[in-house]
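I have placed the structure first, in the form of structure tokens, so that the comments after it can refer back to it.
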Amino acid sequence: MKKLINNVEDVVQEQLQGMALAHPELTVKFDPCYVVRADAPVKGKVALVSGGGSGHEPMHGGFVGQGMLDGACPGAVFTSPTPDQMYECAKAVDGGAGVLFIVKNYTGDVMNFETAAELVAAEGIKVQNILIDDDVAVKNSLWTAGRRGVGTTVLAEKIVGAAAEAGYDLDQCADLCRKVNQYGRSFGVALTSCTVPAAGKPTFVLGEDEVEMGIGIHGEPGTHRMPIKSVDEMTAYAAAQIIDDPAYTRVVREWDGQGWADKTLTDAPFAKGDQVIAFVNSMGGTPVSELYAVYRKLDEVCKAKGLTIVRNLVGPYITSLEMQGFSITLLKADDEILKFWDAPAKTPGFVR
Amino acid sequence: MKKLINNVEDVVQEQLQGMALAHPELTVKFDPCYVVRADAPVKGKVALVSGGGSGHEPMHGGFVGQGMLDGACPGAVFTSPTPDQMYECAKAVDGGAGVLFIVKNYTGDVMNFETAAELVAAEGIKVQNILIDDDVAVKNSLWTAGRRGVGTTVLAEKIVGAAAEAGYDLDQCADLCRKVNQYGRSFGVALTSCTVPAAGKPTFVLGEDEVEMGIGIHGEPGTHRMPIKSVDEMTAYAAAQIIDDPAYTRVVREWDGQGWADKTLTDAPFAKGDQVIAFVNSMGGTPVSELYAVYRKLDEVCKAKGLTIVRNLVGPYITSLEMQGFSITLLKADDEILKFWDAPAKTPGFVR
Amino acid sequence: MPMTKAQLLAWIDKQNAVFLDKKEYLTDLDAAIGDADHGINMNRGFAKVMEKLPTVADKDLPAILKTVGMTLMSSVGGASGPLYGTFWMKGAMALDGKTEMTTADFKAFLEAAVGGIVQRGRPELGDKTMYDLWGPVLAAVKAADDTAPLAEVVAAALPVAEAALAATIPLQARKGRASYLGERSIGHPDPGATSSLYMLQTLREALDI
Amino acid sequence: MPMTKAQLLAWIDKQNAVFLDKKEYLTDLDAAIGDADHGINMNRGFAKVMEKLPTVADKDLPAILKTVGMTLMSSVGGASGPLYGTFWMKGAMALDGKTEMTTADFKAFLEAAVGGIVQRGRPELGDKTMYDLWGPVLAAVKAADDTAPLAEVVAAALPVAEAALAATIPLQARKGRASYLGERSIGHPDPGATSSLYMLQTLREALDI
Ligand SMILES: Nc1ncnc2c1ncn2[C@@H]1O[C@H](COP(=O)(O)OP(=O)(O)O)[C@@H](O)[C@H]1O
Ligand SMILES: Nc1ncnc2c1ncn2[C@@H]1O[C@H](COP(=O)(O)OP(=O)(O)O)[C@@H](O)[C@H]1O
Ligand SMILES: [Mg+2]
Ligand SMILES: [Mg+2]
Ligand SMILES: [Mg+2]
Ligand SMILES: [Mg+2]
């Protein structure tokens, strides 16, 4: 394992210390651990909080700042953070308009954020949890824990962050976040594994000419393994998985003010004529130059399928440590989404 | 070789095509190949042009845009571009106030940009070449081609770009660029090699626990190889190489309007009390999370040596394909430099 | 005979010991069908519990149980953290003010505790989770006579738990990370059900002191 | 006998052939002390020259030479691109309007061409560059009698060039990429001096036709 680390136990904490030193516009707390805007709470603004296992940087801590998140809760590498982190973070950022938890759909994250929401609500703070579950590599929700939350998370944090900044109330933020999630779909490809520092060895082993298709962001196994193909072929495959994905239905649990209520949500498939935001993401070890080769083909495939890319994001935003590979996210974009996509953001990991 | 590519011959061209599709605010020309702001030439503004071998993305093409470069000339991977590219690019961006070539100190780059400057001057366009030679791993200039141009290039493109935007004339831009170069020093560490697509195999081979210290940005051999150490130790070493580096003297060739004139430049070492911009760069395959561990130690070392970090930049800005590793650049910052460092920039690779 | 405070503290202590001992084994189980952290998570959690325990050792049973729950909740992370956290916290609420735990109290405790798992994780029987163990165990405990000594009731539940754990092996997971493996999750015991069995085994031992 | 246009075209043609043939060898030489691209660079450059040549084949000598230089300049890249580009372009300027090249013309051509290398790269003798070959070769050519047939003059310069190339082997590089290797550059011939020798060898062959 070759990494820029000291002891494996201190990796997350030391990286956060470095981040705090580099970004005085953020405040990093330890025990419990969370990252907030130094100017939090912003009075009257809905506060956005997200979090999850570490190892996906810049997400989420790097997206804390004006126009995106108010707070982020980093867990151990690839392990969900705990409710006390979320609870303290929420209290630190609530400016009176309530707190929106943006939660990636992993059982651990979901349950910890639900517990946190109950604690926050018990304090009399308005709160809502919105799930991101956009990974089309997971086919059904009946026989699994449902689609994983991946690339759409980044786009949601940007878009809903701007809406909160513009004065949306908690329900409006939640509605927008739910819509962004329902409009977004992703698919990922790994060229190499990653190594969790505490584990010390690669999570999986790929042959010199093998790639893993349909991976998530924790080195989970994907849908299948195959010999590496040209970037055009791999991009076309990933794009087709997303664009040809049929309607997707699942039950989500949202907070109704008193308790949890089930909601059945169905996402419509992409349709000819849709405008989309295209996000080509590096898994961490793939340089931006290679992502542009993906984008080149993605643009062609979208055109051929009748989708128009109206905005794009290309770079390492939601990573799996040093894994080489890429993911594609397409997000159907309406005027509301575009307006907030184009709005300013000032965070360590995303500036506009 | 695992990369997101089609044919090795088409790598640079296809990546640039993708970049052009993703960034309509840029214009990418082929044959000869160069990247310019879509709104070029900007009337009355000094035009900044840089370039070099490809494989260092986002540098330079990704730094074309408002507040940074007006044009960039990408060569083949790790191979200097040619004078015709630079000449056509300069003609496309000159807005009447002349063209500044920012040139990394490699024999090929230097000679090609000098040739280009002669061609441009022959057209009656004011032109100047300023060298970046900041790599302290190269100890002397008498027995070598001189220090390589590395991390300071990114900072110079940002700072001088803002000055040009603010109305500096060509001489002022050249003076500022020369000062930034004289104030900046860098040192790089490789954890893994990179693979030039056309070569198909890693440029060098490191053992599972070896690192190469003092590398440039083309997979050149460094000063020495050693077993990997903790990030604190490697950072302290790199920082000491930079901070303790003595005065450095070399002869550079600048254009005096008619012909080339030699100038002897001596860079003063860092001194207690200096304010600095600290730049922690990924060589391409190292994720930003690990860079923050470097930053954490760098901050400590700087404090101990009496330097105050007043600004910082952390991320992959001047890379060596997918190489894992990092480089540190420290730039002594005066008011003029800070003012332009803080100014807006709107480019694919650097936004403020 | 009801469970004394000393026995409760012994139970917690023994769990800490077993999760240190089985850290690698549980992690290996999780590596097979999850993300290789369940043993690490449980060990981290109970180590934290042992740190916190002295501050409440002189309080009543529910105060101690609540501290266990809150500490697990804030230190285990992942899926098992909120599940076990809820288990202990909900269980504590069922014992308001008690200083010892009768068989009837234990029934109330376990019903509330397992109810917490169900509420949080919404597992169904056969999903291949810790609930596949707690479901049958709760049924067995509830069927016991209120006048039976607690030690006997727990001892009688143990074979039920062991059988329940074994029964998770052929199942295909439908909840948690293991569900993404589809058919590849078949043939392995569920890590959470395994750690749950350890909880019951250590309770049995603690009631002997 | 002066060099005819046919001979000049044959020279260029033979260089293209040799740089295709020696592409890998030159690249290997450059891998040892540089960045493993010199053969690729030269091959790319002369392939482009062959593409451009038909458009000027009916022009005078300097027009052809200038085209070679400009094409190399805009297609070779790296250090050798501007060096060889300048070589041919400066050489061309010394032959204004000529349609053949006498020995005296060749002296003027070579003096200007090598002067271009010196002006651009500022090599000194012993720096371990192509100039370590062109320096002695120019001296030998200049020492020849203006009345000697060009073929003889070039033939006489060949052993000088071969010795000069061999003499680069023990040198430590002080210019170009190889200089970063310090003492590790010792023991290898300079790639640019090697490609320069090929230029002279092919000239010798071309003058035979
Ligand atoms: N929805 C659920 N309901 C009940 N138990 C669950 C659920 N999801 C997962 N579990 C339990 O959690 C265990 C995994 O815990 P752990 O490995 O610590 O967390 P994670 O899966 O987040 O890494 C599984 O073995 C299973 O018993
Ligand atoms: N300053 C210089 N003056 C003369 N020749 C030089 C100089 N620097 C390098 N060279 C020549 O260029 C050759 C390398 O050319 P090439 O490999 O094509 O370019 P690069 O070094 O940029 O990769 C060297 O072998 C040497 O002969
Ligand atoms: Mg986990
Ligand atoms: Mg080269
Ligand atoms: Mg697990
Ligand atoms: Mg070379």
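All chains are named by letter (A, B, ...) in the order of the sequence lines, taking the proteins before the strands, and each is independently numbered beginning at 1.
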**Complete:** Greatest number of non-hydrogen atom pairs under 4.5 angstrom with chain A, of Ser185(C), Ala178(C), Ser179(C), falls to Ser179(C)
**Request:** Please determine, among Gly176(C), Gly85(C), Gly121(C), the option with the most heavy-atom pairs under 4.5 Å with chain A.
**Result:** Gly176(C)
Quick check on [X]: does its [atom1] atom have over 12 non-hydrogen neighbours (other residues, nucleotides or ligands) under 6.0 Å away?
X	atom1	result
Lys48(C)	NZ	no
Asp31(A)	CG	no
Asp96(C)	CG	no
Glu24(C)	CD	no
Glu124(C)	CD	no
Lys52(C)	NZ	no
Lys139(A)	NZ	yes

Interface moiety of [X] toward chain C, non-hydrogen atoms closer than 4.5 Å:
X	value
Glu118(A)	side chain
Pro32(A)	neither
Phe78(A)	backbone
Asn140(A)	neither

Within a strict 4.5 Å, meaning less than it, do heavy atoms of the [X] and [Y] side chains meet?
X	Y	answer
Thr82(A)	Met73(C)	no
Lys175(C)	Trp143(A)	no
Gln85(A)	Ser74(C)	no

**Request:** May I ask you to name which of Asp109(A), Thr79(A), Thr115(A), Thr107(A) has the most heavy-atom pairs under 4.5 Å with chain C?
**Result:** Thr115(A)
**Message:** Rounded to the nearest 0.5 Å, what separates atom OG1 in Thr86(C) from atom CE in Met111(A)?
**Reply:** 8.0 Å
Given heavy-atom pairs under 4.5 angstrom as the criterion, report whether the side chain, backbone, both or neither of [X] touches chain A.
X	answer
Thr27(C)	neither
Gln119(C)	backbone
Ile40(C)	neither
Ala173(C)	backbone

**Those residues of residues 76-84 of chain C, ordered by number, that approach chain A below 4.5 Å (heavy atom to heavy atom)** = Val76(C), Gly77(C), Gly78(C), Ala79(C), Pro82(C), Leu83(C)
**Asked** Are Thr144(A) and Arg174(C) linked by a side-chain donor-acceptor pair shorter than 3.5 Å?
**Response** no
**Message:** Determine whether a donor-acceptor pair (N or O, by modelled atom type, separation under 3.5 Å) exists between the side chain of Tyr180(C) and the backbone of Gly146(A).
**Reply:** yes
Run the side-chain donor-acceptor check on residues 61-70 of chain C: report pairs under 3.5 Å with partners two or more places apart or on a different chain.
residue	atom	partner	partner atom	Å
Thr67(C)	OG1	Ala63(C)	O	2.9

**Item:** Which atom of Arg120(C) lies closest to which atom of Arg253(A), heavy atoms considered
**Value:** O-NH2, 2.6 Å
